[in-house]
Amino acid sequence: MNTATTGLVAGMALGFAGYFGGFWAFLLVLVLGVAGLVLGLALQGDLDLRARRHR
């Protein structure tokens with residue numbers, strides 16, 4: 001999946017959460033999405049968490 005498709009899917013998920021679940025569901029989906037993004041980037045090797053921890 002390319003970046004545009006991933007953004008489209010994420011936007012649709014947030015839209016559905018906001019429409020059907022309200023603000024708190026929107027916020028929960030947003031927070032879990034960001035956590036999944038950070039974890040995925042760290043596992044893929046594109047984000048080095050050790051460099052950010054040891055300043």
Side-chain angles (χ1 to χ4, degrees):
M1 230 176 356
N2 62 16
T3 306
T5 306
T6 304
L8 175 66
V9 170
M12 288 178 64
L14 288 172
F16 279 118
Y19 182 76
F20 290 112
F23 176 73
W24 294 111
F26 171 82
L27 196 62
L28 178 66
V29 170
L30 180 64
V31 168
L32 292 177
V34 169
L37 175 66
V38 169
L39 181 63
L41 288 174
L43 291 175
Q44 188 176 346
D46 292 337
L47 179 65
D48 187 15
L49 296 176
R50 284 183 236 140
R52 301 204 187 278
R53 221 177 1 166
H54 299 290
R55 287 191 196 186

message: Can you tell me how far apart CD (Q44) and CG (L37) are? Round to the nearest 0.5 Å.
response: 10.0 Å

query: By the rule that ILVMFWY residues connect when side-chain heavy atoms come within less than 4.5 angstrom, directly or transitively, which residues belong alongside L8?
result: M12, F16, Y19, F20

query: In Å and rounded to the nearest 0.5 Å, what is the CG to CG distance from L14 to L28?
result: 10.5 Å

- prompt: Taking the side chain as C-beta and beyond, is there a heavy-atom pair between L27 and F23 under 4.5 Å?
  reply: yes

- prompt: If every non-hydrogen atom of V29 is compared with every non-hydrogen atom of A17, which pair is closest and at what distance?
  reply: CG2-CB, 3.6 Å

